[in-house]
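Letters A, B, ... are given to chains in the order of the sequence lines, protein chains preceding strands, and every chain is numbered from 1. None of the values given here were measured: they were computed from a predicted structure.
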Amino acid sequence: MAKMNYKKRWADLEKRIVVSPEGEEFEVDPMQDYFCDAKPRVHPPNKIAPLEKFANWCRAESIYILGFGTGCGAIEMRPLSSAMYDAYRFGVNWRATPRQATVFVIGGYASVKTMKRIVRSYEQMQGPKFVLGLCSCTINGGMYWDSYNTVNRLDHYIPVDVYITGCMPRPEALLDAIDQLKKRIKSGRAEGQNKYAENFEWYKANQKKIIKNWDMPDYSW
Amino acid sequence: MDGFSYNKILFAALTIFFTINYGLILQGIIGKIYARVGRRIGIRLFQPYFNIIRQWATRSAISHGVMYYLGPVFRFTGGAGILIFTPLILDAPLFNSFTYAGDVVLVSYFIFLGTLGMALGGGEAGHPYSAIAVTRGLAQTAAFEISLMLAIYSIAVQYNTISITEIIRAQQGGVLNWTLFTNPIATAAAMLAFLGSMMRSPFDVVLAPQEIPVGPPTEYQSQFLAMLMTNRTIFPVAKTVLYVNLFFGGVALYDSYLLTFVVFFLKTFFVYLWSVFVGVSFPRFRVDQSIRFFIKWPLLIGVIAVVAANIRY
Ligand code: SF4
């Protein structure tokens with residue numbers, strides 16, 4: 001049963017002839033028509049240094065986190081919006097869509113299945129984008145290091161700016177990591193997006209090594 | 001409109017610049033109020049500045065087509081349109097750029113223009129969430145627009161004019177001349193419609209991130225989103241100014257500029273605060289509930305206002 005569904009899903013992505021309500025026939029190639037798979041390119045920082053510094057300052061002080069939790073550590077992200085920790089006072093906010101987020105917090109172990117979504121969400125984020133690796137699991141696999149379906153080192157698949165150790169780390173640790181990230185952004189060292197574009201082949205090869213059923217374009221905008 | 005001069009374009013640009021700053025500061029204050037009600041410390045007062053500059057400074061952007069470009073432009077036109085066709089301060093040339101005899105009608109079109117623009121732009125983005133949210137947004141906007149239009153119609157009959165400047169003039173000479181006191185029924189209908197247009201709870205199901213993710217702008221990013229954010233700062237101020245003009249006596253030019261601005265800020269701030277008070281006190285309506293609400297009470301009050309105005313004047 002499961003196998004059949006799987007096949008059906010692949011068939012959806014194949015080229016086919018579709019008949020419009022007016023009886024017109026046209027060809028649909030989902031991989032070409034529904035997705036754009038142009039390669040990412042390097043976006044160099046602004047040449048005028050003070051402007052770039054100012055922009056970086058604003059980027060650091062306005063952090064939009066993608067509300068997507070991957071592992072058990074993600075539970076530590078929620079208290080930040082409560083009255084007790086109140087991360088809003090540090091300029092942190094949450095967005096429900098990767099299009100509008102600037103920081104991706106990987107909340108713990110990334111299973112192969114989730115990795116696919118992580119890659120797609122990361123690629124859909126725009127502009128200078130930053131990644132926080134929450135939990136030991138993102139650093140070396142943590143207690144899942146020999147598991148059959150989780151990745152061990154997150155930064156083999158997407159560039160990571162700041163790691164947080166602990167199983168699980170306290171919300172304060174996450175706040176501290178956000179602070180470190182701010183320093184990194186302000187100093188102009190947080191160029192993960194460009195790193196990803198420069199080493200695109202390497203990252204893709206690593207991703208494809210673990211994601212066996214690659215049924216999506218190579219780069220999803 | 002007394003002749004065209006290039007100064008007017010400059011003045012209009014200045015008006016928009018002034019409003020963007022006022023809107024951003026207002027957003028900071030309102031964010032603070034929301035936080036304090038929730039017993040939090042809340043955002044910094046200048047957080048909205050960081051957000052909007054960060055958004056404009058995004059490096060990469062992707063487009064989904066022509067309408068996707070035009071969506072934010074329409075939206076911005078809606079906000080800026082209300083602003084430059086409404087006198088912010090009566091008889092002050094700087095804040096009166098393009099007012100003319102029939103501006104009430106034009107401005108009420110501008111209120112709707114932004115939502116339509118989002119429908120086209122969000123539709124082209126191709127995301128199903130955008131399409132659903134746009135449908136909800138249009139339905140809700142249409143629902144509260146009816147009572148707002150009835151209220152405007154009622155005061156147009158009352159003052160026998162469709163020029164905002166004339167309506168403000170008619171309200172001068174004491175607090176009791178305000179539409180609030182001369183036509184309280186129309187004011188009530190319009191103030192209920194105001195809640196719907198401010199995108200705050202209980203009527204924020206369209207844009208609330210917990211619902212269909214962030215509503216029509218689901219696919220919007222980078223400078224496109226920055227344009228929408230800019231509009232979100234000026235649109236509420238523009239609407240509030242319109243309400244102050246129509247129902248709360250507008251802002252006249254006093255002898256001292258300081259006094260004029262203080263009156264301007266106080267009036268707009270307190271009218272704006274009405275939506276915030278309701279927003280922090282009431283939970284969110286589902287879209288069918290909010291439409292049912294709008295076509296029940298505000299509509300009824302609006303019809304009464306029109307009938308009463310026609311009988312009295
Ligand atoms: S480090 Fe511990 S808490 Fe964090 S994801 Fe791994 S197992 Fe869960």
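A/Ala83 approaches B/Gly38 most closely through the heavy-atom pair CB-O, 4.0 Å. Scanning both residues, B/Pro217 and A/Gln100, for their nearest heavy atoms gives O-NE2, 2.6 Å. Taking each heavy atom of B/Gln47 and A/Gly91 in turn, the nearest pair found is OE1-CA, 3.2 Å. Closest non-hydrogen pair, B/Arg59 versus A/His43, comes out as NH1-O, 3.4 Å.
Between the NZ atom of A/Lys129 and the OG1 atom of B/Thr58 there is a distance of 11.5 Å, given to the nearest 0.5 Å. With rounding to the nearest 0.5 Å, the separation of CD in A/Gln126 from OH in B/Tyr220 is 13.5 Å. Atom CZ of B/Arg40 sits about 15.5 Å away from atom OH of A/Tyr85, to the nearest 0.5 Å. Expressed to the nearest 0.5 Å, how far CG of A/Asp86 lies from CZ of B/Arg39 amounts to 14.0 Å. Put simply, CZ on A/Phe90 and CD1 on B/Ile43 are 14.0 Å apart, with the number rounded to the nearest 0.5 Å. With rounding to the nearest 0.5 Å, the separation of CD in B/Gln221 from OG1 in A/Thr97 is 8.5 Å.
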Stepwise side chain to side chain contact (heavy atoms under 4.5 Å, CB included) check, A/Phe54 with B/Ile53: CA-CA 9 Å; A/Phe54 179 65; B/Ile53 295 171; 3.8 Å; yes

Side chain to side chain contact (heavy atoms under 4.5 Å, CB included), that's the test. Do A/Thr102 and B/Arg54 meet it? Break it down for me. CA-CA 10 Å; A/Thr102 61; B/Arg54 194 280 323 270; 3.5 Å; yes

Dump the intermediate steps for side chain to side chain contact (heavy atoms under 4.5 Å, CB included) on A/Tyr64 and B/Asn51, then the final yes or no. CA-CA 9 Å; A/Tyr64 276 24; B/Asn51 293 350; 3.2 Å; yes

Is there a side chain to side chain contact (heavy atoms under 4.5 Å, CB included) between A/Gln193 and B/Ser60? Walk through the geometry before answering. CA-CA 10 Å; A/Gln193 187 190 19; B/Ser60 53; 3.3 Å; yes

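In B/Leu14, the CG atom is crowded: over 12 heavy atoms of neighbouring residues, nucleotides or ligands sit closer than 6.0 Å. Summarising the local packing, OH of B/Tyr69 is surrounded by 12 or fewer heavy atoms from other residues, nucleotides or ligands at distances under 6.0 Å. Around the CZ atom of B/Arg292, the shell of radius 6.0 Å holds no more than 12 heavy atoms that belong to other residues, nucleotides or ligands. Heavy atoms of other residues, nucleotides or ligands lying less than 6.0 angstrom from CZ of B/Phe265 number more than 12. Within a 6.0 Å radius of CH2 in A/Trp57, no more than 12 heavy atoms belonging to other residues, nucleotides or ligands are found. Sparse packing is recorded around NZ of A/Lys53, with 12 or fewer heavy atoms of other residues, nucleotides or ligands lying under 6.0 Å away.
Only the backbone of A/Ser82 comes within contact range of chain B, with heavy atoms under 4.5 Å apart. Of the two parts of A/Pro44, only the backbone, made up of N, CA, C and O, holds a non-hydrogen atom closer than 4.5 Å to a non-hydrogen atom of chain B. Looking at B/Leu225, the atoms closer than 4.5 Å to chain A (heavy atoms on both sides) all sit in the side chain, from C-beta outward.
Here A/Pro45 is the residue among A/Ala101, A/Ala87, A/Pro45, A/Ala60 with the most heavy-atom pairs under 4.5 Å with chain B. Among A/Ala55, A/Cys58, A/Gly127, A/Pro128, the residue with the largest count of heavy-atom pairs under 4.5 Å with chain B is A/Cys58. The candidate with the highest count of non-hydrogen atom pairs below 4.5 Å against chain A, out of B/Ser222, B/Gly31, B/Gly42, is B/Gly42.
The backbone N or O of B/Ala57 lies less than 3.5 Å from a partner atom in the side chain of A/Arg59, making a donor-acceptor pair.
Salt bridge status for A/Glu61 with B/Arg44: present, with a side-chain N to carboxylate O gap under 4.0 Å.
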